[in-house]
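Ligands are counted one by one from 1 in listed order, and the atoms in each one are counted from 1 as well. Predicted model only: the values in this text are computed from it and were never measured. Residue indices begin at 1 and follow the sequence shown. Hydrogens, waters and symmetry mates play no part in the numbers below; they use all other heavy atoms, side chains included.
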Amino acid sequence: MSNSADTSLQTTPSLKRTFQNDFMIGAALNTQQIMERDTNASRLVAQQFNAVTPENVMKAMIIHPQWNTYNFEWADKLIEYGKKNNLQINGHTLIWHSQMPAFARRLQSTDSFRLFFTDHITTVASRYRDKVYSWDVVNEALNEDGTMRRSPFFTKLGEDYVTEAFRLTQAAAPNTQLYYNDYNNERPAKRAGCIALINKIKAAGVRIDGVGIQGHWQVGKVPLKDIEESILQYSALGLKLAFTELDIEVLPRNFQGADVGQRMKADPSLNPYTSGLPDDVQQQLASDYEALFQLFLKHRDKIERVTFWGVNDGASWLNDWPVRGRTNYPLLFDRAFNPKPAFYKVIATRKGVYQ
Ligand code: XIL
């Protein structure tokens with residue numbers, strides 16, 4: 001890293017300080033970053049963020065690779081890193097149909113699948129009891145039309161598995177904030193399904209504290225109206241809101257949402273900005289982020305946390321999804337870890353907001 005980049009980092013405003021009276025500002029960390037092998041990222045995290053989410057290391061495939069075998073090494077390291085840097089940790093995620101361990105996918109009997117489900121939640125949630133601030137207890141249980149996704153959890157355990165997951169997590173980690181997390185759950189049909197799901201959990205007398213809206217959006221198409229309506233409707237249920245995986249993609253694709261199982265074939269026409277982002281797109285990205293943070297600030301009393309899905313453009317999952325090997329620009333910091341125009345627009349939204 002050059003001296004000039006060093007200097008610019010020291011004089012850069014800080015997201016976490018700018019929004020300290022509003023909501024936490026988080027970033028997703030990959031394994032290299034958790035192991036502190038990426039010094040540029042470590043420096044930026046310490047300066048800019050007060051919350052982190054593990055991008056992968058707490059997912060079942062990694063933390064629970066075999067029946068009766070857990071791999072806590074990286075997750076434990078994350079806890080230590082969080083403590084050292086004053087970062088709140090959001091556990092991601094206990095129950096999700098993607099990135100499941102192969103052994104669990106192969107389980108045939110309902111009894112053994114239920115045993116996996118119960119043991120997984122209880123073991124992981126109790127190990128990190130009082131160490132993680134919140135859990136994404138269940139991730140992506142819904143279809144786009146608001147019906148329940150036919151996941152292995154649904155087909156083997158029935159639709160009450162979501163309530164059951166919250167019940168088990170609550171028992172294992174009574175002081176942790178419990179969230180339901182999904183993508184596109186700001187859109188009307190999926191939102192209605194999400195509200196019905198939340199009401200079921202509550203009707204069973206089980207605690208749920210908040211809703212996570214992932215926030216994988218596309219440049220020029222951020223659904224601000226739906227987002228605002230969702231903030232109002234979810235908070236009317238007494239729940240907190242978190243924007244848990246924010247990024248704004250600038251590259252073309254032919255579908256919306258963030259189903260990690262959905263992919264497109266690589267093609268040069270799908271990777272137009274390998275040598276830099278054109279200025280008009282850069283400006284559009286900046287004004288999208290500006291409008292989004294204006295909305296977040298308007299509802300800052302309802303929003304607990306805004307987490308970016310990655311520290312900087314170079315580390316974004318959108319370089320490899322839904323098409324592998326692209327050059328994407330979805331975050332506030334560029335590949336050299338320098339703040340982009342969108343960063344300064346976001347910082348500027350805070351000016352003039354009454355304390
Ligand atoms: C992504 C990670 O960023 C990738 O590294 C991994 O290969 C696939 O999963 N919604 C979620 C996240 O809830 O867990 C996903 O993370 C992105 C979409």
Side-chain angles (χ1 to χ4, degrees), residues 26-35 37-38 41 45 49 51-65 74-75 78 89-102 105 120 124 132 134-144 149 151-153 162 165 178-187 190 194 197 210-218 241-249 251 253 255-264 266 305-331 333:
L29 300 186
N30 62 32
T31 316
Q32 289 291 98
Q33 292 161 344
I34 291 167
M35 300 311 278
R37 293 201 189 112
D38 181 342
V45 169
F49 302 98
V52 286
T53 300
E55 192 175 348
N56 287 301
V57 304
M58 281 182 166
K59 290 173 179 171
M61 187 173 89
I62 292 174
I63 210 166
H64 191 179
W74 291 317
L78 174 73
I89 295 170
N90 173 55
H92 175 81
T93 170
L94 291 169
I95 296 300
W96 187 31
H97 64 279
S98 289
Q99 295 182 277
M100 270 174 75
R105 238 189 288 259
H120 179 74
V124 178
V132 300
S134 52
W135 266 114
D136 294 334
V137 177
V138 176
N139 198 29
E140 302 178 356
L142 294 163
N143 292 318
E144 297 307 283
R149 186 192 284 272
S151 72
F153 299 101
V162 176
L178 309 181
Y179 275 73
Y180 173 74
N181 194 51
D182 215 325
Y183 61 83
N184 283 356
N185 53 341
E186 72 280 3
R187 292 175 196 266
K190 198 161 180 177
C194 194
L197 189 61
V211 187
I213 293 178
Q214 291 185 4
H216 295 292
W217 289 311
Q218 286 165 279
L241 269 290
F243 292 86
T244 53
E245 306 185 13
L246 180 57
D247 46 25
I248 301 180
E249 154 154 45
L251 298 179
R253 64 165 146 131
F255 66 96
Q256 285 177 332
D259 185 342
V260 298
Q262 203 168 352
R263 289 192 161 272
M264 289 162 66
R305 173 168 60 88
V306 177
T307 289
F308 294 86
W309 204 242
V311 172
N312 73 328
D313 285 344
S316 168
W317 75 303
L318 292 173
N319 294 306
D320 284 303
W321 183 90
V323 180
R324 273 184 225 285
R326 296 201 294 182
T327 307
N328 222 328
Y329 302 83
L331 298 167
F333 297 94

What protein heavy atom lies closest to atom 1 (C) of ligand 1? Include the residue and the distance to one decimal.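 Heavy-atom neighbour on the protein nearest atom 1 (C) of ligand 1: K59 NZ, 3.6 Å.
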Measure the distance from atom 6 (C) of ligand 1 to every protein heavy atom, then report the residue, atom name and distance (to 0.1 Å) of the closest one.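 Of every protein heavy atom, N56 OD1, 3.5 Å lies nearest to atom 6 (C) of ligand 1.
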Pair N184-Q256, side-chain donor/acceptor within less than 3.5 Å: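 Per modelled atom types, N184 and Q256 side chains form no pair under 3.5 Å.
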Under a plain distance cut-off of 3.5 Å, with no hydrogens placed, do N181 and E245 share a side-chain donor-acceptor pair?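 The criterion, which ignores hydrogens and geometry beyond distance, is satisfied for N181 and E245.
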According to the interplanar angle, ranging from 0 to 90°, do the rings of F243 and W217 count as parallel (below 30°), tilted (30 to 60°) or perpendicular (above 60°)?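 Rings of F243 and W217: tilted, 30 to 60°.
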Ligand 1 contact by W309, heavy-atom criterion under 4.0 angstrom: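 Per 4.0 Å heavy-atom rule, W309 contacts ligand 1.
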Please report whether ligand 1 has a polar contact with W317, defined as an N or O pair separated by less than 3.5 Å (distance criterion only).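 It does not: no N or O of W317 is found under 3.5 Å from an N or O of ligand 1.
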For ligand 1, the portion of N30 having any non-hydrogen atom under 4.0 Å away: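 Contact part for N30 vs ligand 1: neither.
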How does W96 reach ligand 1, if at all, at less than 4.0 Å between non-hydrogen atoms: by side chain, backbone, both, or neither?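 The answer is the side chain.
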Counting C-beta onward and ignoring hydrogens, is there a side-chain heavy-atom pair between W96 and V260 closer than 4.5 Å?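 Contact flag for W96/V260 side chains = yes.
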For the residue pair W321 and H216, is the inter-centroid distance of their aromatic rings smaller than 6.0 Å?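 Between W321 and H216, the centre distance exceeds or equals 6.0 Å.
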Would you mind checking if K190 and D182 are paired as a salt bridge, meaning a charged N to carboxylate O distance below 4.0 Å?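 The answer is yes: the pair qualifies as a salt bridge.
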Between E55, Q99, E245, H92, flag the one that comes closest to atom 2 (C) of ligand 1 by a heavy atom.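 The option holding the nearest heavy atom is E55.
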